[in-house]
Visitor: 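One structure follows; several queries about it will come next.
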Amino acid sequence: MGERAGLLESIEGPHDLKRLDVGDLPGLAAEIRDLLVGSVARTGGHLGPNLGVVELTIAIHRVFDSPRDKILWDTGHQAYVHKMLTGRAGAFGTLRQEGGLSGYPSQAESEHDVIENSHASTALSYADGLAKAFALRGEHDRTVVAVIGDGALTGGMAWEALNNIAAAKDLRLIIVVNDNGRSYSPTIGGLARHLSSLRMTRGYEDALEFVKESLGKVPVVGQPFYDTLHGVKKGLKDILAPQVMFEDLGLKYVGPIDGHDEQALEAALRKARGFGGPVIVHALTRKGQGYTPAENHDEDCFHSPGVFDPITGEERPKPHGWTNVFSDEMVKIGAARQDVVAITAAMLHPVGLAEFAEAYPDRVYDVGIAEQHALTSAAGLALGGLHPVVALYATFLNRAFDQLLMDVALHKLPVTVTLDRAGVTGEDGASHNGMWDLSILQVIPGLRIAVPRDAARLRELLAEAVEFSEGPTVVRFPKGAVPAEIEAVGNLGECDVLRAGDPDVLIISVGPMAEVCLEAASLLDAQGISATVVDPRWVKPLDEALVLAARAHKLVAVVEDNGRVGAVGDAVSRMLRDADVDVPVRGFGIPQRFLDHAKRPKILSQVGLTGQDLAREITEAVAKRSPVLEHHPSR
Ligand SMILES: Cc1ncc(C[n+]2csc(CCOP(=O)(O)OP(=O)(O)O)c2C)c(N)n1
Ligand SMILES: CC(=O)[C@@H](O)[C@H](O)COP(=O)(O)O
Ligand SMILES: [Mg+2]
């Protein structure tokens with residue numbers, strides 16, 4: 001298990017796949033599943049989603065001609081099989097490793113890859129634009145195929161795109177709905193009810209069989225197909241609710257198709273391609289298909305396991321992390337504050353709200369992959385006298401910036417947003433790093449931002465945030481294990497003094513950077529440079545006491561796990577400039593570029609956020625007393 005076998009070894013691209021006999025395809029699917037389980041067991045990754053799209057991906061690459069036809073993967077976490085069939089099966093041992101295969105499509109890896117961004121619900125918009133470009137350029141032999149999950153289909157952008165696609169009858173665009181009934185957890189909302197109506201009704205198997213039979217007999221999808229279906233629809237109405245839903249939008253619909261019947265999938269895709277306009281092919285799949293531990297995994301069907309035993313499916317235990325601390329504190333807050341409610345965007349367990357949901361089932365809302373809706377629904381909840389906590393991964397807040405600005409902050413509403421996976425996350429690549437929030441949130445009037453350095457501060461700051469009722473608050477913390485507790489040795493206004501030194505260098509340490517800042521301070525001692533290290537706890541608004549402290553020092557260093565542009569370092573510079581404090585400020589953070597995937601510690605070292613690097617840079621700066629605000633051009 002975990003090595004490439006015969007059939008898969010013979011495939012360097014879709015052309016080799018097309019040459020295989022139909023009778024070889026089940027064997028190929030088995031080899032792919034073996035490689036998925038064996039390889040991901042060693043590296044971690046999105047096993048469940050990829051086990052669910054083995055037959056679907058084989059069928060897509062046998063029917064269409066990538067890269068001339070464009071295959072788009074929404075969210076992109078389910079593109080491992082696509083990578084295996086486009087010549088990268090042999091490299092799967094390097095998945096998500098530094099310099100190895102990305103866990104998402106990557107244009108640098110292959111001409112078959114298009115969308116690198118792991119943020120959900122975007123594929124249909126890309127597809128709309130690509131198909132329009134092909135049409136305008138007269139390339140009428142090129143088809144765009146967008147694979148979107150039922151979870152991603154709960155995102156607003158997907159419906160904005162569908163609205164446009166439904167109006168463009170000449171677009172050669174096939175939307176494959178990969179419906180496994182799950183996002184992380186079971187997919188929520190009215191759409192999910194429509195899509196899942198198939199599974200719930202007794203005629204489900206008959207419907208699959210009926211459609212499979214029909215695919216062989218009726219002409220290309222469209223009116224005749226619809227009439228045929230319509231004639232029997234009365235008996236199958238509740239089963240075909242998805243078709244009705246999409247066709248009410250003006251979109252042709254083919255399905256439901258058994259998403260693990262490769263030949264049925266091929267027939268449906270060929271029919272859909274023959275139509276020559278936008279068509280939805282609705283495939284019913286199972287997340288984790290073919291690997292019992294994933295199929296039976298009650299929380300998330302092995303959505304994104306870490307390293308595990310491929311025989312037993314037992315995962316390596318995860319350390320007590322920031323998310324656990326948040327989860328425990330939310331349950332305590334929930335007991336004391338009946339007005340506190342919680343919102344998740346389809347990630348109840350990953351963001352740490354499962355225990356809160358268990359304790360207070362009526363006070364938690366899963367809105368689907370719909371961060372924009374989450375923030376404005378939170379504004380509604382706050383207008384209704386409640387204090388919502390919206391728990392997201394930091395990178396996904398980007399999508400809801402305007403809602404936080406104009407729907408929450410403009411009305412000074414008491415909404416708390418917690419940002420897990422803030423800072424470098426690493427293995428999920430460029431679009432998962434939470435390196436944007438400390439920059440973009442600086443511009444929101446009245447919004448307060450807290451950055452805890454350890455578990456004790458997370459508990460304190462979360463409690464302070466939900467106590468604040470004059471406007472929105474944000475609490476952000478990184479992925480993974482919580483660091484050792486670091487107690488203050490004094491106070492500077494509301495800031496914690498972590499190390500008191502002579503007034504050479506003032507190091508302003510943001511959240512979990514405390515450990516490396518203290519290490520740097522110790523190393524600076526050896527250079528005869530004395531450093532004072534302070535932790536502001538709240539980085540927006542900054543404490544005016546920092547102005548007085550800065551005035552007494554030769555240099556101010558600000559260290560944060562965020563992109564540097566427009567973040568806390570720049571805010572400190574602005575504050576000191578406004579106070580006519582003429583002390584140079586050095587901002588240390590993540591260079592403002594898209595980072596390649598690698599483990600978090602490795603990336604922090606690559607970008608100079610280690611005690612050694614900080615000490616060296618500060619020593620140089622003190623020597624030059626350089627008022628450099630922007631960091632090394634090389635970074
Ligand atoms: C905007 C955004 N929010 C949250 C996520 C986190 N996320 C990654 S995969 C996933 C579930 C996707 O469900 P679905 O589209 O049904 O794909 P499946 O995993 O079921 O194949 C979520 C919520 C994301 N990638 N993008
Ligand atoms: C939800 C999401 O985007 C994950 O699929 C991604 O891989 C992040 O994983 P962690 O929850 O392990 O950070
Ligand atoms: Mg799904």
Side-chain angles (χ1 to χ4, degrees), residues 40 43-54 56-57 73-81 95-96 102-104 115 117-124 146-158 176-189 191-192 195-196 259 283-289 294 299-307 315 318 321-323 344-352 366-374 391-400 420-429 431-434 478-480 597 599-600:
V40 175
T43 62
H46 289 93
L47 182 62
N50 284 284
L51 287 167
V53 295
V54 173
L56 180 58
T57 310
W73 301 94
D74 196 293
T75 318
H77 61 303
Q78 77 293 51
Y80 295 2
V81 183
L95 182 70
R96 293 156 53 100
S102 164
Y104 298 86
I115 305 173
N117 153 16
S118 64
H119 290 203
S121 317
T122 62
L124 304 192
V147 182
I148 184 166
D150 54 302
L153 209 48
T154 60
M157 262 185 83
V176 179
V177 175
N178 170 30
D179 177 10
N180 53 26
R182 301 185 72 91
S183 178
Y184 247 102
S185 329
T187 305
I188 63 93
L191 168 73
L195 288 176
S196 68
L284 297 175
T285 63
R286 181 175 188 178
K287 203 168 206 177
Q289 174 79 8
E299 187 177 300
D300 65 11
C301 296
F302 260 30
H303 176 85
S304 175
V307 172
E315 284 188 79
K318 289 180 181 162
W322 290 92
T323 311
T344 175
M347 294 168 65
L348 186 77
H349 289 84
V351 296
D366 180 346
V367 298
I369 310 180
E371 287 81 1
Q372 294 174 320
H373 170 69
L392 304 173
Y393 281 10
T395 188
F396 301 135
L397 174 67
N398 301 352
R399 177 160 289 186
D420 196 337
R421 277 44 173 202
V424 170
T425 51
E427 293 162 300
D428 275 297
S431 55
H432 257 78
N433 291 311
K479 177 171 185 173
H597 60 274
K599 293 196 182 305
R600 173 178 160 87

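Order of appearance sets the numbers: ligands from 1, and atoms from 1 within every ligand.
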Visitor: Can you find a non-hydrogen atom of Gln78 under 4.0 Å from ligand 1?
Guide: no
Visitor: List the closest protein heavy-atom neighbour of atom 10 (C) of ligand 1: residue, atom name, distance to the nearest 0.1 Å.
Guide: His303 CE1, 4.0 Å
Visitor: Between Thr187 and ligand 1, is there a nitrogen or oxygen pair with a distance under 3.5 Å?
Guide: no
Visitor: To the nearest 0.5 Å, what is the distance between OG1 on Thr323 and CG on Asp420?
Guide: 3.5 Å
Visitor: Which residue holds the protein heavy atom closest to atom 24 (C) of ligand 1, what is that atom called, and what is the gap in Å?
Guide: Phe396 CZ, 3.3 Å
Visitor: May I ask you to check whether Glu371 has an N/O atom sitting below 3.5 Å from an N/O atom of ligand 1?
Guide: yes
Visitor: Would you sort out whether Glu315 and Phe302 count as a side chain to side chain contact (heavy atoms under 4.5 Å, CB included), showing the intermediate values?
Guide: CA-CA 10 Å; Glu315 284 188 79; Phe302 260 30; 4.0 Å; yes
Visitor: Answer yes or no: does an N/O atom from Ser118 fall short of 3.5 Å to an N/O atom of ligand 1?
Guide: yes
Visitor: Do any nitrogen or oxygen atoms of Lys287 come within less than 3.5 Å of a nitrogen or oxygen of ligand 1?
Guide: yes
Visitor: Please report whether ligand 1 has a polar contact with Gly151, defined as an N or O pair separated by less than 3.5 Å (distance criterion only).
Guide: yes
Visitor: Could you give the distance from NZ (Lys287) to NE2 (His303), rounded to the nearest 0.5 Å?
Guide: 5.0 Å
Visitor: In Å, rounded to the nearest 0.5 Å, how long is the span from CD1 of Ile148 to CG of Asp179?
Guide: 11.5 Å
Visitor: Run the numbers for me: atoms of ligand 1, each under 4.0 Å from some heavy atom of Arg182, listed by number.
Guide: 13 (O), 14 (P), 16 (O), 20 (O)
Visitor: So do the side chains of Gln78 and Asn50 get within less than 4.5 Å of each other, counting heavy atoms only?
Guide: yes
Visitor: In a check of side-chain hydrogen bond (donor to acceptor under 3.5 Å, both in side chains) between Asp428 and each of His597, Arg96, His46, which one passes?
Guide: Arg96
Visitor: Mark up the atoms of ligand 1 that fall under 4.0 Å of a heavy atom belonging to His119, in ascending order.
Guide: 26 (N)
Visitor: When you compare the side chain of Leu284 with that of Arg286, does any pair of heavy atoms fall below 4.5 Å?
Guide: no
Visitor: With a 4.5 Å limit on heavy-atom distance, are the side chains of Thr57 and Trp73 in contact?
Guide: yes
Visitor: Distances under 2.8 Å only: what protein N/O/S atoms are near the Mg ion (ligand 3), ordered by chain and residue?
Guide: Asp150 OD1, Asn180 OD1, Arg182 O
Visitor: If I apply the N/O under 3.5 Å rule, does Pro49 come out as touching ligand 1?
Guide: no
Visitor: If you measure from CZ on Arg399 to NE2 on His373, what distance do you get to the nearest 0.5 Å?
Guide: 14.5 Å
Visitor: Is there a side-chain contact between Thr395 and His119 in this structure, where contact means two heavy atoms from C-beta onward sitting under 4.5 Å apart?
Guide: yes
Visitor: So for ligand 1, is Ala345 a polar contact partner (N or O within less than 3.5 Å, distance only)?
Guide: no
Visitor: Any protein N or O within less than 3.5 Å of an N or O in ligand 2? List each pair with its distance, or say none.
Guide:
unit_1, atom_1, unit_2, atom_2, d
ligand 2, 3 (O), His432, NE2, 2.6
ligand 2, 5 (O), His46, NE2, 2.6
ligand 2, 5 (O), His303, NE2, 3.0
ligand 2, 7 (O), His46, NE2, 3.0
ligand 2, 7 (O), Asp428, OD1, 3.0
ligand 2, 7 (O), Asp428, OD2, 3.1
ligand 2, 11 (O), Tyr184, OH, 3.4
ligand 2, 11 (O), Tyr393, OH, 2.5
ligand 2, 11 (O), Arg421, NH2, 2.9
ligand 2, 12 (O), Lys479, NZ, 3.3
ligand 2, 13 (O), Arg421, NE, 2.9
ligand 2, 13 (O), Arg421, NH2, 3.3
ligand 2, 13 (O), Lys479, NZ, 3.0

Visitor: Relative to the heavy atoms of Gly149, which atoms of ligand 1 are at a distance of less than 4.0 Å?
Guide: 14 (P), 15 (O), 16 (O)
Visitor: Considering non-hydrogen atoms of the protein only, which is the closest contact for atom 15 (O) of ligand 1, and what is the distance?
Guide: Ala152 N, 2.8 Å
Visitor: Is the closest side-chain heavy-atom distance between Thr154 and Ile188 below 4.5 Å?
Guide: no
Visitor: Can you list the ligand 1 atoms lying under 4.0 Å from a non-hydrogen atom of Thr75?
Guide: 8 (C), 9 (S), 25 (N)
Visitor: Can you tell me if Asp150 uses its side chain to pair, donor with acceptor, with the backbone of Gly181 under 3.5 Å?
Guide: yes
Visitor: Take Leu95 and Tyr80, measure what side chain to side chain contact (heavy atoms under 4.5 Å, CB included) needs, and give me the verdict at the end.
Guide: CA-CA 9 Å; Leu95 182 70; Tyr80 295 2; 3.6 Å; yes
Visitor: Any N or O on Asn180 sitting closer than 3.5 Å to an N or O of ligand 1?
Guide: yes
Visitor: Do the non-hydrogen side-chain atoms of Val351 and Leu392 ever get within less than 4.5 Å of each other?
Guide: no
Visitor: Contact between Leu56 and Asn178 at the side-chain level, heavy atoms closer than 4.5 Å - yes or no?
Guide: yes
Visitor: Polar-atom distance check: Asp150 versus ligand 1, any N or O pair below 3.5 Å?
Guide: yes
Visitor: Check step by step if side chain to side chain contact (heavy atoms under 4.5 Å, CB included) holds for Cys301 and Arg182.
Guide: CA-CA 9 Å; Cys301 296; Arg182 301 185 72 91; 3.4 Å; yes
Visitor: Where is the nearest protein heavy atom to atom 11 (C) of ligand 1: which residue, which atom, and how far?
Guide: Ser183 OG, 3.2 Å
Visitor: Would you say the side chains of His432 and Ser118 form a donor-acceptor pair under 3.5 Å?
Guide: yes
Visitor: Write out the residue and atom name of the closest protein heavy atom to atom 1 (C) of ligand 1, then the distance separating them to 0.1 Å.
Guide: Arg399 NH1, 3.3 Å
Visitor: Identify, for atom 22 (C) of ligand 1, the protein heavy atom at the shortest distance, and state residue, atom and that distance.
Guide: Ile369 CD1, 4.1 Å
Visitor: Check each heavy atom of Met347 against ligand 1 and say whether those closer than 4.0 Å belong to the side chain, the backbone, both or neither.
Guide: side chain
Visitor: Quick check for you: to the nearest 0.5 Å, what is the distance between Ile115 atom CD1 and Ser431 atom OG?
Guide: 11.0 Å
Visitor: So if I count the atoms of ligand 1 from 1 in the order they appear, which ones are less than 4.0 Å from some heavy atom of His77?
Guide: 9 (S), 17 (O), 18 (P), 19 (O), 21 (O)
Visitor: Nearest protein heavy atom to atom 26 (N) of ligand 1, by residue and atom, and its distance?
Guide: Ala120 N, 2.9 Å
Visitor: Atom CG of Asn117 and atom OG1 of Thr122: how far apart are they, to the nearest 0.5 Å?
Guide: 5.0 Å
